[in-house]
Amino acid sequence: QVQLVESGGGLVQAGGSLRLSCRASARTFSTYAMAWFRQAPGKEREFVAAISWSGGSTNYADSVKARFTISRENAKNTVNLQMNSLKPEDTAVYYCAARTGRTPRLSENEYAYWGQGTQVTVSS
C-alpha cells in the first residue's frame, strides 16, 4: 500500500507560479512511476505529467508543456510539479498518483494509488 499526500496548492494570479509536492509513504518509492492529474469543475480528470522511477523519463500533456516540470527526489519519497506561467484554465484539483511499474503512463487506469488532491486556483 502507498499513501500519497499532496501539498502546495493555493490561489495565484495568471502568469504566476506554484510548486506542488507529493509525499509517498512507500518504503520502495523508487520502484513506482508517478504522475499528476487534474480535474476542473464539471470536467473529467485529465493527465498532466508523469515521471519514471529514476526521473530519467517524463511525459507532459500538450496543454502544460514548456510551462510545467515534474521531478522526483527518491531519497525524500517526493514528487514535485513546478507550474509556471499559470493560466485561469489551469484551475483544478491536482492529484498525485503512483503505479507499480517503473515506466510512466498517461492513463489514469494505470495508477492504483491516489492522493486526496490539492486545489489550484488561477485568477485572471
Side-chain angles (χ1 to χ4, degrees):
Q1 289 289 338
V2 179
Q3 292 185 326
L4 304 172
V5 179
E6 303 97 335
S7 62
L11 173 64
V12 64
Q13 289 188 332
S17 298
L18 279 175
R19 183 178 177 86
L20 304 183
S21 292
C22 171
R23 183 168 177 83
S25 64
R27 290 187 296 173
T28 55
F29 177 71
S30 63
T31 65
Y32 293 85
M34 302 295 295
W36 289 93
F37 290 78
R38 68 186 181 186
Q39 187 168 21
K43 295 187 177 182
E44 294 187 351
R45 189 157 55 188
E46 64 176 3
F47 170 79
V48 175
I51 189 166
S52 63
W53 67 281
S54 66
S57 177
T58 58
N59 298 94
Y60 295 94
D62 288 342
S63 60
V64 306
K65 277 181 182 176
R67 299 190 298 124
F68 290 11
T69 301
I70 189 171
S71 61
R72 64 189 296 161
E73 300 176 74
N74 286 342
K76 296 182 179 180
N77 279 22
T78 299
V79 61
N80 303 303
L81 185 68
Q82 178 67 42
M83 306 186 295
N84 299 329
S85 301
L86 282 162
K87 304 175 181 180
E89 51 263 45
D90 293 319
T91 295
V93 177
Y94 282 71
Y95 297 91
C96 175
R99 66 179 298 270
T100 50
R102 296 189 171 188
T103 55
R105 293 286 189 267
L106 278 62
S107 170
E108 62 176 283
N109 296 326
E110 299 278 356
Y111 293 84
Y113 307 101
W114 294 83
Q116 292 192 331
T118 185
Q119 176 71 46
V120 171
T121 303
V122 184
S123 63
S124 57

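Annotation: side-chain hydrogen bond (donor to acceptor under 3.5 Å, both in side chains) contacts of R102 (sequence neighbours excluded): none. With sequence neighbours excluded, no residue satisfies side-chain hydrogen bond (donor to acceptor under 3.5 Å, both in side chains) with S57. Remark: Q39 pairs with R45, Y95 by the side chain to side chain contact (heavy atoms under 4.5 Å, CB included) rule, at least two apart or across chains. In this structure A112 satisfies the side chain to side chain contact (heavy atoms under 4.5 Å, CB included) test with no other residue, sequence neighbours excluded. The side-chain hydrogen bond (donor to acceptor under 3.5 Å, both in side chains) search around N59 returns none, not counting sequence neighbours. Residues passing the side-chain hydrogen bond (donor to acceptor under 3.5 Å, both in side chains) test with E89, sequence neighbours excluded: none. Considering only residues two or more places apart in sequence or on other chains, V12 meets the side chain to side chain contact (heavy atoms under 4.5 Å, CB included) condition with L18, L86, V122.
Across L81 and A49, no two heavy atoms sit closer than the pair CD1-CB, 4.2 Å. Here the shortest heavy-atom pairing between C96 and V79 reads SG-CG1, 3.8 Å. Nearest approach of S85 to S17, heavy atoms of both residues: N-OG, 4.4 Å.
Contact check for T91 versus V120: no side-chain heavy atoms found under the 4.5 Å cut-off. Here the side chains of R72 and T78 are not in contact, with every heavy-atom distance at 4.5 Å or above. Using a 4.5 Å cut-off on side-chain heavy atoms (C-beta onward), S71 and R19 make contact. At a threshold of 4.5 Å between non-hydrogen side-chain atoms, the residues T58 and S52 do not count as touching.
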Identify each donor-acceptor pair in which a side-chain atom of residues 22-33 lies under 3.5 Å from a protein atom, sequence neighbours left out, and give them as a table.
{"from": "R23", "atom 1": "NH1", "to": "K76", "atom 2": "O", "distance (Å)": "2.7"}
{"from": "S25", "atom 1": "OG", "to": "Q3", "atom 2": "N", "distance (Å)": "2.8"}
{"from": "T31", "atom 1": "OG1", "to": "T28", "atom 2": "O", "distance (Å)": "2.7"}

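Listed by first and then second residue, the ring-ring contact (aromatic ring centres under 6.0 Å, His included) pairs involving residues 40-79 are F37-F47 (not counting sequence neighbours). Here side chain to side chain donor-acceptor pair (under 3.5 Å) pairs that include residues 110-122, with residues two or more places apart or in two chains, are Q119-T121. Applying the salt bridge (Lys or Arg N to Asp or Glu O under 4.0 Å) test to pairs two or more places apart or on separate chains, those with a residue in residues 47-64 are D62-K65. Within the structure, salt bridge (Lys or Arg N to Asp or Glu O under 4.0 Å) pairs that include any residue of residues 28-40 comprise R38-E46, R38-D90 (at least two apart or interchain).
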Practice task
Mind running side-chain contact (heavy atoms from CB on, under 4.5 Å) on R99 and T103 for me, showing each step along the way?
Solution key: CA-CA 9 Å; R99 66 179 298 270; T103 55; 3.6 Å; yes
Problem - side-chain contact (heavy atoms from CB on, under 4.5 Å) between N80 and I70, intermediate numbers included - result: CA-CA 6 Å; N80 303 303; I70 189 171; over 6 Å; no
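Using a distance-only test at 3.5 Å, with no hydrogens or angles considered, a donor-acceptor pair links the side chain of R67 to the main chain of S63.
For the atom pair OG of S124 and NZ of K87, the computed distance is 14.0 Å after rounding to the nearest 0.5 Å.
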